[in-house]
Amino acid sequence: MPRPILATIHSAALRHNLERVRQAVPDAKLWAVVKANAYGHGIENVFEALRGADGFAMLDLAEAERVRQLGWRGPILLLEGVFEPRDLELCSRLSIWHAVHCDAQIDWLAAHKTQNGHRVFLKMNSGMNRLGFTPERYRAAWARLNALPQVEEISFMTHFSDADAGAGQPGISVQLQRFHDATRDLPGERSVGNSAATLRQGDDALVRCDWVRPGIVLYGSSPDYPQHTAAHWGLQPTQTLSSRIIGVQQLAAGDSVGYGSRFTADGPLRLGTVACGYADGYPRHCGTGTPVLVNGVRTRTLGRVSMDMLAVDLTPVPDAGMGSEVTLWGRAGNGAVLPIDEVAEAAGTLGYELMCAVAPRVNKTVD
Ligand SMILES: *Cc1c(COP(=O)(O)O)cnc(C)c1O
C-alpha cells in the first residue's frame, strides 16, 4: 500500500466556482487561468470541469499544447507571450494567442514567417512594474504591431498589483485610469481583471471589460483573505489534501514532540502521527496550533512539521486512532471544510502557494 497521503481534485467544486465567476460578470468572457499546472491541480484533472470557460490562459507553451491535446479548439492565451522566436511557430500552428509585453517580442513577430495571422494581447505596465509597455510607450508599440502582416488582431491587457487591497488603501483605481486613458481610442478587446478585481469590482464595466482572467477563485481560495473568506465569496474547495494517522502516542505532562522539542504537553494528551510532511508540500512554517481535521473534527498540529510526518492533538477526537482520516486542507469525509487559506495563514503565506506546492510524490485523484 502506498503512503496514505492523497490530493483529491473536486470537479463539482471547480464547476461551481466557475459558475460563481460567471454570475459575477455575466456579460464578460472568461479566461480560466491554468498556469502552474492549474495551480497545482493538474491541467488534465481540471480540464473537463473548466471547459465552460471561453478560453484557457497560462504561461507555458507546453501547457498550451496539453490543453490543445485534450481537444480544446477555443482560445488559448500565453500570458507572458513567447520566450524565444521559435515559440511563434507553435503559436501559429496551434492558433495560440499570446501577450506582447516588450520590443523584442515585436521584433520576433516581425521576422516570423507565417500564413496564419496572430492574435495578440498588448500588455501595459500600468504600475505593477513587472512586464509591459508603460502608458507613454504603449501607443508606439501598438502602431508597430498594427503595421505587421503577421498580426491579425490586437487586444489590450494590464494586471493589477493591489486588487486585494483593504479598506483605505488605493487598490486598482490609479492603474485602471492609466490603462483606460492610454487605450481610449484604440480598437480592440480589453482585459484587466484577475480574481480579486473580478469578484470585488466586476460590476464596474471598466473592470470586467471584454475578458476577465480568474485564477485562484476557480480553485476555491479567497483572493482577498483574510478580508473575505472563501465562504463569503461562495467558493468551494477544489483540492483536498488528506492522509491518515499512522501512529499514536500517549503523552504525560512534560513530554515534548518532534524536532527541536517545540511543543511540550502540560498534561496527559493523546497524539496522532500523520503521514504528511514538508516533502509532501505541507508547509514547514506551520507551527503548533495550525488547524487540521481528524475524522472531520477540527483540532491542531503539535510541534514542528518534519519531512514525512506531523503530529496532531487527538483530544477533541477521542475515538480517533490508527488509520483515522486526516484532512490537512479541503473537505473531510463528513463534509466539514478546512479552508486552505487558514492553513496558509498559519504558514505566513497564501492559498496560492500551498495548492501549487503539493509535491509530485503525492498521488492525485479526481472526484
Ligand atoms: C496569474 C494571473 C492571473 C490570475 O490571477 P488570480 O489572482 O489567480 O486570479 C491573471 N492575469 C495574469 C496576467 C496572471 O499572471
Side-chain angles (χ1 to χ4, degrees), residues 13-14 17-18 20-22 24-25 28-41 43 46 50 53-61 63-64 67 75-83 96-102 105 120-133 155-165 171-172 175-176 179 189-202 207-228 230 233-235 237-239 340-341 344 349-357:
L14 286 159
N17 296 339
L18 180 69
R20 186 60 199 81
V21 183
R22 283 272 185 229
V25 288
K29 288 181 281 187
L30 200 155
W31 291 112
V33 179
V34 294
K35 64 189 179 187
N37 201 18
Y39 288 49
H41 290 59
I43 286 178
V46 305
L50 296 182
D54 300 290
F56 287 88
M58 70 290 283
L59 312 179
D60 219 309
L61 201 46
E63 291 186 342
V67 171
I76 294 181
L77 174 63
L78 296 177
L79 293 165
E80 294 179 352
V82 297
F83 298 100
I96 292 167
W97 308 5
H98 48 98
V100 169
H101 65 74
C102 63
Q105 287 179 332
V120 301
F121 272 67
L122 182 60
K123 178 143 187 179
M124 183 185 296
N125 169 15
S126 57
M128 176 81 140
N129 285 311
R130 237 171 25 176
L131 297 178
F133 296 93
S155 304
F156 309 106
M157 71 184 288
T158 195
H159 192 59
F160 298 126
S161 56
D162 292 78
D164 59 344
I172 65 172
Q175 284 187 268
L176 192 63
F179 177 79
E189 293 190 323
R190 286 154 172 71
S191 176
V192 299
N194 57 359
S195 292
T198 299
L199 284 191
R200 291 162 54 125
Q201 281 153 285
V207 174
R208 66 177 179 274
C209 299
D210 302 289
W211 289 89
V212 291
R213 307 190 304 269
I216 195 72
V217 276
L218 301 177
Y219 307 102
S221 165
S222 171
D224 62 353
Y225 189 84
Q227 288 177 74
H228 300 107
W233 291 122
L235 305 171
T238 60
Q239 183 188 95
I340 194 168
D341 298 319
T349 184
L350 303 173
Y352 291 83
E353 186 176 0
L354 265 51
M355 60 177 71
C356 290

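Counting convention: from 1, in listed order, for ligands and their atoms alike.
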Checklist line | Side-chain heavy-atom pair Ile172, Gln201 within 4.5 angstrom cut-off | finding: yes
Note to self: Could you identify the single nearest non-hydrogen protein atom to atom 9 (O) of ligand 1 and state the distance to 0.1 Å?
What the structure shows: Ser195 OG, 2.5 Å
Note to self: What I want to know is whether Gly215 and ligand 1 share at least one N or O pair that is separated by under 3.5 angstrom.
What the structure shows: yes
Notebook entry, point to check: Would a 4.5 Å heavy-atom cut-off, applied to side chains only, mark Phe160 and Val192 as touching?
Noted result: yes
Checklist line | Nearest-option assignment for atom 8 (O) of ligand 1, heavy atoms, candidates Tyr219, Tyr39, Trp31 | finding: Tyr39
Notebook entry, point to check: Under 4.0 Å from any heavy atom of Ile216, which atoms of ligand 1 are there?
Noted result: 6 (P), 8 (O), 9 (O)
Next item on the list: Write out the residue and atom name of the closest protein heavy atom to atom 15 (O) of ligand 1, then the distance separating them to 0.1 Å.
Entry: Lys35 NZ, 2.7 Å
Checklist line | Contact with ligand 1 for Tyr352, non-hydrogen, under 4.0 angstrom | finding: yes
Notebook entry, point to check: Mind checking whether Trp233 and His228 have side chains closer than 4.5 Å, heavy atoms only?
Noted result: yes
Note to self: Angle between ring planes, Trp211 versus Trp31, binned at 30° and 60°: parallel, tilted or perpendicular?
What the structure shows: parallel
Item checked: Protein residue, atom and distance nearest to atom 13 (C) of ligand 1, heavy-atom basis -> His159 ND1, 3.7 Å
Check: With a 4.5 Å heavy-atom cut-off, do Glu63 and Val34 have their side chains touching?
Finding: no
Note to self: Evaluate Arg213 for polar contact with ligand 1, using N/O atom pairs at a separation under 3.5 Å.
What the structure shows: yes
Margin query: Is it true that His159 and Arg213 share a donor-acceptor pair across their side chains at a distance under 3.5 Å?
Written below: yes
